Amino acid sequence: MTTTRSAQILHHTTAFISEILSQSELRRLLVSTLRREITISDQITLKPLNLAIETLENAISTSHTTLQSSSLRLAEKLLLSLPEKHPISSFLLSLIYSISHRPIDAAISLLHIFHSKPSVAREEIAPILYEELFSVHLLPVFQWFDEQRSKVLPSILLNSIHDNSDFSIDNEDGIVPCTKSLSRMSVVQSSKLRDLERDYEEVLNENCRIFVKYFIEVLENENGNRSISPPLLVLRNSRDGDRLVCSQEKKIETEELGLKNGRYNPIWAEGDTSVEFFSNSRSKYMYPSFYPQRVSPKILKKQKSSRKLATPSNLRSESEFESSSASEAESEDKDRKMASTKPRVIQSQTQEKTTSSECSRSLNNFMADYDNPSGTGKHTPPKDFICPITTNLFDDPVTLETGQTYERKAIQEWFNTGNSTCPITRQRLHSTQLPKTNYVLKRLIASWQEQNPDIVPFQSENPYQGIEPIIKPLTPSTSPNSIITQATIDGMVSGLKHAINNLYMSEILEESEMAVLQIEKFWKEVRLGVDMWSMLSKPPVINGFVEILFNSVDHQVLQATVFLLAELGYRDNAVIQTLTQVDSDVECIVALFKKGLMEGIVLIYLLRPSAFSLVEMNMLECLITIFNKKDEDFLKMCVKHKTAAVILLAQILGNSEDSIISSTVRTLISEKAIESIIGSLKAECAEERIAAVWILLRCMQEDGKCRNTIADNADLAPILESFIGVNDRERFEIVQFFSELVKLHRRTFNEQVLHIIKDEGAFSTMHTLLIYLQTALQDQCPVVAGLLLQLDLLEEPRKMSVYREEAIDTLISCLRNTEFPSAQVAAARIIVSLHGRFTVSGNPLTREILLKRAGLEKSYKNLVQMDNSNLCEELEITQEEEKAATDWEIKMASVLVSHEFGLLFEALAEGLKSRSAELCAACFVSATWLIHMLPVLPDTGIQGAARVCLLKQFLSIFKSAKDSEEKTLSMLALSSFISYPEGLHDLSSYAKDILKGLRELKRSSPLASKLLKVLFEGNEHSSQELWNHKELVKVDCSENGEVLSINCFKKKIFSGHSDGTIKVWMVKGIILHLIQETREHMKAVTSLAISQSGERLYSGSLDRTAKVWAIGNQAIHCVQVQDMKDHIYNLVVANSISCYISQGTGVKVQSWKGGSKLLNPNKYVKCLALSHGKLYCGCHDNSIQEIDLATGTISTIQSGSKKLLGKANPVHALQIQGGCIYTASSSLDGSAMKIWSTSNYSMVGSLSTTVEVRAMAVSSELIYLGCKGGVVEIWDKKKQYRVDTLQTSTNGKVLCMALDGDEEILVTGTSDGRIQAWRIN
């Protein structure tokens, strides 16, 4: 027997695998074929198998060597882990080994398919490989079974078949002679023939397995040190089942059998015919793009010699055709005679090369030529728009079954003259009945004419110029089907052809609709494979389907039409190209989908419309309908409805404006469609999974509150397994998805999700991220590094971790890389988010937490309250959650500041100098957080690096910041430096520079008081050095009399005068600018009060009225007048009431809605103050009372005294500030100023001044006393000593005083009508 060398096996297997690797469509179809062989019991292997397929495809498509190697290793690992070696595993491994340059392993894996599924390998997977390697050894098997067959079939049957050997597929009935020969067989013969066919298959299978082992032994004997003989063949007697072994001595020469490479099938006799609809292959291993070419073991149908057809100017005459037919008949008779001399042995026949083009006008390429102009002119119409007979633009084009298109009138005239062939190809037509108009072409021509309205219709000198004839090649089948099986298929093909003819030729809509339903039935029930695809994929047939979509209203018919178009388009891209040639076709499909034809979504997906077109289609409501249904509710199609919907929605979101994205996300969440999209994360289709990742990512970015829903329901393992098998853009989307997902409100939940990301999946997530980090784009690196760092910190930080070091290095590198500003901002934001606390919406809480620690809780509470506004219940942080968050913060801060001895501080310092406000803000928060954490971290000397890099930066920000929160954050950072001597020393040298800012913050932040105490208590700074009161302006208003009252609000100053005038002033630099003067009171304005909201000004006058003024940007105007029925000497207001001192005893309380009452009727009250619902009264007899306005209860703080030496001792001024009552009276007892506690009424301090105080103002640190003689004394509130003395320009009494809200300006009013202002520094 013939031996096979290792080089021969490798040559054939390598060529086969190389062809598979070069054609993605072929790979997909072969994999699909092998999938069908997976049994129900093997379904558990689908998940790793799908991942292996995706990973392998990624390895084939990528050009990155490292990524390809990694993908191949993962795919190999997955396939080898399967419990049993399935044919599809062997097939995939052969591809992997071939790419990995392991040809022997690739060949062995490929041969395993012939061992496990020999019939599938022979007929569907690798028929050429079977013929090249196996058939040459199986010639005795072919001969023996040919002998068995000759005993079953009578000679008369063979003769009958010979009589019909010229039968062609072009016969009108479309049925080959097998059905005729079948009628001549008896029932016994038919039964024996079936048994013979079954035995033939079994013997071929068994011998294939035997030779697989032989070939593997040859391959493994790489050095050739062993002599390996071919194995013995095994035969089986079809009648008694006895097993026969063909000895090696029984040699049958190939030449004697007249075979080449053993291409022989003994099932068929000499005259039998088998026809399948395949196209010729251009090379030995060149498959069509849609399916592998299958070469027959025995060519049974003699192909007619092809002659070059003449152009229409000299077409052949009828006599020439007759002569040709006669010569062909003589040739066939000669062949039969030769066959009779060698019965049961058929010689291989070789097709003659045709001189004509193989397929110059193939239907599959018909529509693709429309865009190619036939002339050289700029506006010359495409050649396919011109009728080859009339040479004019088509008006009513019709496409014949040969694929040629003509003007209806012209071709009808051709048929009327007695012709029944195609004018160009000269092929005989089954029917001369003209089909329906080719509306696809007609619409294209109309569109072209609209774009070129001034073009004269094109005229061609020769209607057939440039058009070559076509000879339709016929390739016989290689499938070893019996006569019975072939006859059945022939009948099915005939029925299908009849339905197709009705579809695109019938003018009756009902007939076309019925044809669609018949074709659908054929498709679902009969597996004709490529035969059916090739027939249905022709443009005329597709045109027929499209016309059904335009005209039919039957839902079942429309559903079947869309189903068939989707199935065809899924297998043949030419169908998609045909459908997308005309925009109206796509619009029709979209319209049907929006009207409820849900199957349309699959076809729309296959059409791959542009992103802009998808947005314009406005399909969101229909997509949500699909999301809210189950797969069982839809017709089973090549692509799941939900898969198509998810992918299309991802494309819509990826190319829409922000407003559309926001509304789409809101709709998805409100309609609860997001749960269905979460389910797509574990879909079998990788494209669907990635699309779902993108959609959910956008949802989290737009409305972060859905993050919890996603985290609770998402299965992350399939996404992790997809990480390697996707491109770089999709890989980054997965990383972004994970990064967003771990921004949950609860720290414990975040760590649970991080553990899932780290531990699940078929490969090491951290190792994969590390590899990806080294190859990712600069803008992507910060996100990848942030996720990798979080995964590394799930365990206690080790002294050394390559993942952590690489991640932090990347963040610092991106932060300092000024060539990529977006990467700088992304790195800074990632560092901020590493703090680990987030709102419900996923926004970092780092800034708000730091403000809260500095004493400003308002910002934190406002943000949290606003974030929880749409939740049913407010989320509370438990002690467990707080501990987890604190532990994470300390752990993260520790590894960040410790890296390379504080290298991150240098990068942050550079970021603070950036001109980018976004980068500067993020670096500021990050630096504040890390500096603030230094005191709680182990002392490793990092504090020195932080002080060198950032101390001056924070001092500069503190002094220049106008925003109070920014100033507070910088103060928080500065306060961390006082924890160690070097920092305190450096900070103390800048004490004067930050004193003013600290005093401003002292009212809102206890931390400012702490810092002031540390920096200034015990230091030898004189009061004059620490405080500076610079005179701003003085104004003479003596023409309006005394200045009786004064008040400040923001940058405005309000003054009340004794002539009833109210003036409004604006401080501009060193000028007090008068912006309004009004005199609506008839007598002196004794009091001015401002409401808590700052929107109203209240004035009290001796004209017995109180007025309410609305405060505008520039002026005030009166909105209410209240008749108080008594003189007003002092007025305070709160909410809806006013309290004022009248001419008599007590205090009157007046409601603005009407009604009044008298309080403290036994005292003559001199001054008033109102705070927290309590009214404080300073009386003429030097007594002080507290009155509860709610209950009317009076409490005595200081008892009154009798007149001394005939002089009264009234309380002239009274202020409430910081829980203390400040009262001023005469200095008869040595203390004109006394301080009382509001809680227990005890005196907590006094000022030993001897001046007579008439007015008073109290700030957070100082007390200002206005006295007789125009003197203003300034006292330190805490230490209770005099700081400074100011002298007004006159000797008049200081009657009123006020401080602005920022405590930066002091304003006084005197008895001689002077207003004077000082700036406090």
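Residue numbers run from 1 in the order of the sequence given. Only a predicted model underlies this, so the values are computations on that prediction, with no experimental measurement involved. Values reported hereafter were calculated over all heavy atoms of this structure, with side chains retained and with hydrogens, waters and symmetry mates removed.
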I678 versus I710, closest heavy-atom pair with distance = CD1-CA, 3.7 Å
Derivation and outcome, side-chain contact (heavy atoms from CB on, under 4.5 Å), residues E965 and L969 | CA-CA 6 Å; E965 291 186 354; L969 288 175; 5.6 Å; no
Go through the steps for L1299 and I1320 under the test side-chain contact (heavy atoms from CB on, under 4.5 Å), then give the verdict.
-> CA-CA 10 Å; L1299 287 167; I1320 306 171; 3.8 Å; yes
Verify the neighbour count for atom OH of Y980: are there more than 12 heavy atoms of other residues, nucleotides or ligands below 6.0 Å?
-> yes
Backbone N/O of S1259 and side chain of K1277: donor-acceptor pair under 3.5 Å = yes
Is the backbone N or O of L1001 less than 3.5 Å from a side-chain atom of K967, with the two atoms forming a donor-acceptor pair by type?
-> no
Side-chain heavy atoms of S979 within contact of L934, under 4.5 Å = no
Basic-acidic side-chain contact under 4.0 Å: E848, K852 = no
I669 CD1 to T709 OG1 distance, which is reported to the nearest 0.5 Å = 8.0 Å
Value for CD (Q780) from OG1 (T810), rounded to nearest 0.5 Å, stands at 13.0 Å
For E1303 and S1260, test the side chains for any donor-to-acceptor distance below 3.5 angstrom and give the result as yes or no.
-> yes
Is the shortest distance from a Lys or Arg side-chain nitrogen in R698 or E733 to a carboxylate oxygen in the other one below 4.0 Å?
-> no
Taking every non-hydrogen atom, the tightest pair across A907 and R816 = CB-CG, 3.6 Å
Are the side chain of S956 and the backbone of Q953 linked by a donor-acceptor contact shorter than 3.5 Å?
-> no
Do V753 and F749 come close enough that some side-chain heavy atom pair is under 4.5 Å?
-> no
Donor + acceptor pair across side chains of S1239, S1237 (<3.5 Å) | yes
Apply side-chain contact (heavy atoms from CB on, under 4.5 Å) to the pair F954 and L987, showing each step before the final yes or no.
-> CA-CA 11 Å; F954 279 112; L987 195 58; over 6 Å; no
Apply the test side-chain contact (heavy atoms from CB on, under 4.5 Å) to residues H745 and R707: give CA-CA distance (whole Å), side-chain angles for both, the deciding distance (0.1 Å), then the verdict.
-> CA-CA 9 Å; H745 181 60; R707 187 177 278 100; over 6 Å; no
Answer yes or no: does atom CD of Q774 have more than 12 heavy-atom neighbours from other residues, nucleotides or ligands under 6.0 Å?
-> yes
Look at E740 together with K743 and state whether they make a salt bridge at an N to O cut-off of under 4.0 Å.
-> yes
What heavy-atom pair brings I690 and E730 nearest, and what distance separates the two atoms?
-> CG2-CG, 3.5 Å
Donor-acceptor under 3.5 Å (S822 side chain, D779 main chain) | no
If you take all heavy atoms of P782 and L811, which pair is closest and at what distance?
-> O-CD2, 3.8 Å
Write down the atom of F838, the atom of S833, and the distance for their closest heavy-atom approach.
-> CZ-O, 3.3 Å
Approximate separation, where rounding is to 0.5 Å, of N708 CG and L741 CG | 9.5 Å
In Å and rounded to the nearest 0.5 Å, what is the NZ to CD1 distance from K1010 to I978?
-> 5.5 Å
So, Y772 versus F723, ring centres under 6.0 angstrom or not?
-> yes
Would you say H767 has more than 12 foreign heavy atoms packed within less than 6.0 Å of its NE2?
-> no
Taking side chain to side chain donor-acceptor pair (under 3.5 Å) as the test, write out the residues that go with D728, two or more places apart.
-> R731
The ring pair (Phe, Tyr, Trp, His ring centres under 6.0 Å) partners of F905 (sequence neighbours excluded) come to none
Which atom of I942 lies closest to which atom of S898, heavy atoms considered | CD1-CA, 4.4 Å
Calculate, to the nearest 0.5 Å, the distance between atoms SG and CG belonging to C781 and L788 respectively.
-> 11.5 Å
Has the side chain of R746 got a donor or acceptor atom that lies under 3.5 Å from a matching backbone atom of E881?
-> no
With a 4.5 Å limit on heavy-atom distance, are the side chains of M971 and T968 in contact?
-> yes
Evaluate the side-chain proximity of L904 to V897: yes if any heavy-atom separation is below 4.5 Å, no if none is.
-> no
Sequence neighbours left out, cut at 3.5 Å: what donor-acceptor pairs do the side chains of residues 923-932 make with other protein atoms?
{"from": "S926", "atom 1": "OG", "to": "A922", "atom 2": "O", "distance (Å)": "3.0"}
{"from": "T928", "atom 1": "OG1", "to": "F924", "atom 2": "O", "distance (Å)": "2.7"}
{"from": "W929", "atom 1": "NE1", "to": "E889", "atom 2": "OE2", "distance (Å)": "2.9"}

Say you draw a straight line from CH2 of W888 to CZ of R837; how long is it, rounded to the nearest 0.5 Å?
-> 12.5 Å
